Q: 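Below you will find the structure I want to go over with you.
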Amino acid sequence: MLKYNHTKVEAKWQKIWEKKKLYKTDLDKTKNKFYCLVMFPYPSSDKLHIGHWYNFGPVDTYARYQKMLGKNVFEPIGFDAFGLPAENYAIKGGVLPKKSTIENINYIRKQLKQIGAMYDWSKEIITSDPEYYKWTQWLFLQLYKNGLAYRKKAKVNFCPSCQTVLANEQVINGLCERCDSEVIQKDLEQWFFKITEYADKLISGLDNLSWPEESKKRQKDWIGRSEGTIIKFKIDNLKLTIPVFTTRADTLFGATYIVLAPEKWQELNSKSQSKIQNYLDQTKKKTVLQRQLNKEKTGIFTRLYALNPINNEKIPVWIADYVLPDYGTGAVMCVPAHDSRDFEFAKKYKLPIKQVIVNRGLRIENSKKAFEEDGKLENSAEFSGFTSEKARQKITEKLKNMDVGDFAISYKLKDWLVSRQRYWGSPIPIIYCEKCGEVLVPEKDLPIKLPTNVDFRPHGESPLARSKEFVNVSCPKCSAKAKRETDTMDTFVCSSWYFLRYLSPKLNSGPFDHKIVNSWLPVDLYVGGKEHVNMHLLYARFVTKVLHNLKYLNFDEPFTKLIHQGVITKDSAKMSKSRGNVVIPDEFIQKYGADVLRLYLMSMGPYNEGGDWSDKGIVGMERFINKIWNFANPKSKIQMSSENINTKKQLHRTIKKVTDDLEGFKFNTAIAALIEWLNFASNKKGVVARQMLETYLILLAPFAPHFAEELWSQFGHKQSIFFEKWPTYNQNLIKEEVITIVVQINGKVRDQITVKPTDCEKEIIKLAQNTAKIKKWLAGKKIKKTIFVENRLINFVI
Ligand SMILES: [Zn+2]
Ligand SMILES: [Zn+2]
């Protein structure tokens, strides 16, 4: 037995690949380009864990396969270095984020190199480098100049633990997505990017993308476009109109009250009666989550009435905290007969319930719940008898003619809040001057560098505000004394354009090289976790569309094809530090090598589903590698001159299977096919032609790159195996042949069966015993003897 030495072999080839610059992509050659991208890691305390490995390893296998198909592959890597994980790590260690981030990056870079991936290290980027964030600031200027970045006082999500505001996308069910603290609402002056202006384009652009349908749907739902009607309700006795958005104008005659969000009421009235004030105070103590989940709905009557514009009916105005201020207009018209939340509220406060839509003859008087389906209108004046769909159209038209309503489109998507009160991010290039107001930092003054002599721990206000040197400047317009903006940018701004920078990371004259970017993008394949659908992936699409509009880019979607890797669990549980079940790749690389680890991860299950890690499972892949090492090794005693036709046919079936599976990201079944051929060939005792073994090595190469490269060179090849063409199969050889076998009982023909030439004797006998006819003959009898003549007959003697 020859023993494969992974430590020696992997180090040897990583060194040679790097020396020969094998994976440095010639970006001037754009023919057959393939831009293969993984979401770049952020350098935090965890370093590279098995989840990263599962993201990066299999994708490199796919990239290598593309290279062997003749593509000019570009596979870059870098570091998403700004942001909370890096900053919190620094705070814990009591060191400057810059120092700990660079240390972490140096460590992770070593880990990444161990994967043995085709990364073009000459194109590495680090988003916290001033040469990079100079251009993140440039991006901010472009958005500002085009009316897409603005500052306003707004109710914002604030995490009391992270001591910073959060974007809507970072609040998951009312909790901070970083630390799970309950998010509170604060009125603060903040910077926003006007992503809502691109809402429609962000929806329609999804149509032509090769993305998982579920992810497209999640983005669409997040943008939440709904067509409906704006209806203006006059408040009786007050010179006040409250606009309400509804998708159900057909139910307007059934509206029996109106509810305002408490914040909306406060906006309309500076003073309130004590009872109402009490309710408003109670609301302030609740989180958004509590208000959304509200099992028991609460509310208070304002003693005011609104006029329903369609029939001038007086209906009461209530305040209730289940209506959130950013939901529609902050006011809703309530139709308890046809909306379950309104129904619940009306029952509790004994408000009238009026049915105006009939469906299957059901009556609300006898019902325990609202009827939410469409139907035919009743009790709706001239609209009675209309279908819901027609009524929505006609009622809105009438409201429009009366000047009390109009067709409207509403979006759930809010503008992207990009300012953070934290230290470790790109400064925002804005200066405040008493005379000139908001002034942009001139492009020639970029980057605005982060000050290093500052207490960077979070205090709720940006730490940059504590650096006098940073804050005090002279106004670029009038030279008067002025102050810098002290908030930093959300790290998702850094990652919203990094895929453009990879192609020219050292460019000084601009954020990216237009010619190269426009010939290499969109990215052909992007792989990363599902959790980024409503944040990073949406932001990157937005920024790309903006830069396209500003004529910097000739494409308007960044990622043509998107794939999400699955999750690797341990003992069926999610890996986490607190559970203590985190798998660290380093120890397994040391013990088994990167190739075995790579093979094992890919064999666990379909790539988009992931699998369950087992410390013992990896041994199977080590055995597989050692078996090949012995079987396909020129030093082993196996004779490699003659050629067995069945082995060859089986090899061509393997080529087809591995190729098809790679195309579909089914690495697990591709590896199973490779194992199957090895078992098949090794059972045929010593008759495998050298050419077949070489073809097999080429098939194996993307899965186990170092290993295949080593054997390839042992076969005497001077050039890397990754310059070999991906093998093609011969259609005639993969045809499934069948052989007809006669089945006899005591020498008399009783049936016949068809089998594959690769089926073994045991399988064929079992098949013969189990046909309907033969079963009958054998019932209750004992088989004394079985005669098997290969490719011809079976005779059961009973
Ligand atoms: Zn938090
Ligand atoms: Zn000024």
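Counting starts at 1 for both ligands and their atoms, in listed order. Bear in mind that the values here come from a model prediction, so they are computed numbers and not experimental data. Side-chain atoms are counted along with the backbone in the values below, which use heavy atoms only and exclude waters and symmetry mates.
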Q: How open is the angle at the Zn ion (ligand 1) from atom SG of Cys179 over to atom SG of Cys162, rounded to 10 degrees?
A: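 Centred on the Zn ion (ligand 1), the SG/SG angle is 110° (to 10°).
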Q: At the Zn ion (ligand 1), what angle lies between atom SG of Cys159 and atom SG of Cys176, rounded to 10 degrees?
A: 110°
Q: Indicate, with yes or no, if the rings of Trp191 and Phe140 have centres closer together than 6.0 Å.
A: yes
Q: Name the one of Trp497, Phe82, Phe512, Tyr498 that satisfies ring pair (Phe, Tyr, Trp, His ring centres under 6.0 Å) with Tyr132?
A: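 The option that passes is Trp497.
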Q: How are the rings of Tyr198 and Phe542 set to each other: parallel, tilted or perpendicular (split at 30° and 60°)?
A: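 Rings of Tyr198 and Phe542: perpendicular, as their planes differ by over 60°.
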Q: Tell me the angle that SG of Cys478 and SG of Cys475 form around the Zn ion (ligand 2), rounded to 10°.
A: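 SG of Cys478 and SG of Cys475 make an angle of 110° at the Zn ion (ligand 2), to the nearest 10°.
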Q: Would you compute the distance between atom CD of Gln111 and atom NE2 of His52 and round it to the nearest 0.5 angstrom?
A: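 Answer rounded to 0.5 Å: 9.0 Å.
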Q: With rounding to 10 degrees, what does the angle Cys436:SG / the Zn ion (ligand 2) / Cys433:SG come to?
A: 110°
